[in-house]
Amino acid sequence: MAFSVAVAGASGYAGGELLRILASHPELEVRTVTAHANAGERLLRVHPHLASYADLVLEPTTAEVLRGHDVVFLALPHGTSGAISAELGADTLVIDCGADHRLEREEDWAEYYGGDFFGTWAYGLPELELAGAAGKQRANLENVSRVAVPGCNVTAISLALAPALHRGLVQPTDLTAVLAVGPSGAGKKAAVSLLGSELIGSANPYAVTGGHRHNPEVRQNLRRAGGAEVSLAFTPVLVPMARGILATTTARLADGVDAAVLRAAYEESYGGERFVQLLPEDEWPRTGDVTGSNRASIGIGVDERAGRLVAVAAIDNLGKGTAGAAVQSANLALGLEESLGLPLDGVAP
């Protein structure tokens, strides 16, 4: 018998992508969808592309509506999922796609988000290598009832740099990341900076001086991977593509490290991973190749003149960056095959 599922915040981009993926999942059955401003409307009116959910109507987002399901996915604005999840029983698997339960340090939450701190849940990035002999994060997702899904920018940067930091192949105090980001990562909200007329034909940096809310989460992951504090210059840039992230990251090489050592490290880390693709030497990822998939595509090389690792990662911010990661984590928590229901192939053109 399939697990019953509710998706809160189903009217947004992340909620819609969750529903698209769940529509083909053989063990997860969506029975309830909720929203705030769109409550009472047919789901198909909000997401016309989700034809398989023609009979569903958006209900109000309350704990009462969400209770009684085996799995609840929360695709809610930051700062709102903490309170509602506290009203759901431990027998319900709750997957939070927001930031409320990602950070370990309360001071990081206070600095970048503010408001009540709701604690830390199991972190939903299975492929993240952990310092020492702790293995990968997927072991910490088995049989849990609460999961925090990573931020989309965080996933791209973390997967790009973690293998090198984990093995001490780069210096942790001189890291850079510049990301080309599609505006769907900001959610389905009205904002002048997200209008087509502002984006088309333009590339627009934002949160340039370290103020992006994903900054402490990236540092947290890289600290988990390498076992030491890191210093990171992280600059996101909005570009005119609806969805996708291309993260170009660099790090200063440790003494004696060359391209062959780095490639061996990344092959060791990702060679057995279904959803992380390490490209051959001198090949680099493109966001279009991972659109609609749960795959991260990574290319690595060495800038000999600068003495730096260059690692470029491409993900779909709504796929591997949010909804795909949520379903992948749910599979692990429920004891299902990790890849069940998740798309490996992208959509082209």
Suppose we screen for side chain to side chain contact (heavy atoms under 4.5 Å, CB included). Which residues come up paired with [X], at least two apart in sequence or across chains?
| X | value |
| --- | --- |
| L194 | P183, A186, K189, A191, L238 |
| N215 | Y112, R219, F234 |
| L334 | F3, L28, V71, L93, L336 |
| R105 | E107, D108, R223, E229 |

Can you confirm whether [X] sits close enough to [Y] that some side-chain heavy atom of one is under 4.5 Å from a side-chain heavy atom of the other?
| X | Y | answer |
| --- | --- | --- |
| H36 | L76 | no |
| K136 | P126 | no |
| R20 | L50 | yes |
| V302 | L253 | yes |
| L58 | V46 | yes |
| L161 | L309 | yes |
| L278 | E267 | yes |

[X]: side chain to side chain donor-acceptor pair (under 3.5 Å) partners, not counting sequence neighbours:
| X | value |
| --- | --- |
| T32 | H69 |
| R146 | none |
| R295 | Q277 |
| S184 | N317 |

Partner residues of E106 under the salt bridge (Lys or Arg N to Asp or Glu O under 4.0 Å) criterion, sequence neighbours left out: none
Residues which pass salt bridge (Lys or Arg N to Asp or Glu O under 4.0 Å) with R274, listed by chain and number, not counting sequence neighbours: none
Parallel, tilted or perpendicular, as decided by the 30° and 60° cut-offs, for the rings of Y113 and W109: parallel
Plane angle bin for Y206 and H212 - parallel if under 30°, tilted between 30 and 60°, otherwise perpendicular: tilted
Do the side chains of [X] and [Y] get close enough for a salt bridge, i.e. N-O under 4.0 angstrom?
| X | Y | value |
| --- | --- | --- |
| E129 | R224 | no |
| R243 | D316 | yes |
| E338 | R138 | yes |

cation_pi(R167, Y266) dist<6.0 Å, angle<=45: no
Contacts of H25 that satisfy ring pair (Phe, Tyr, Trp, His ring centres under 6.0 Å) - sequence neighbours left out: none
Identify every side-chain donor-acceptor pair in residues 340-349 under 3.5 Å, counting partners at least two apart or on other chains, and give the distances.
none

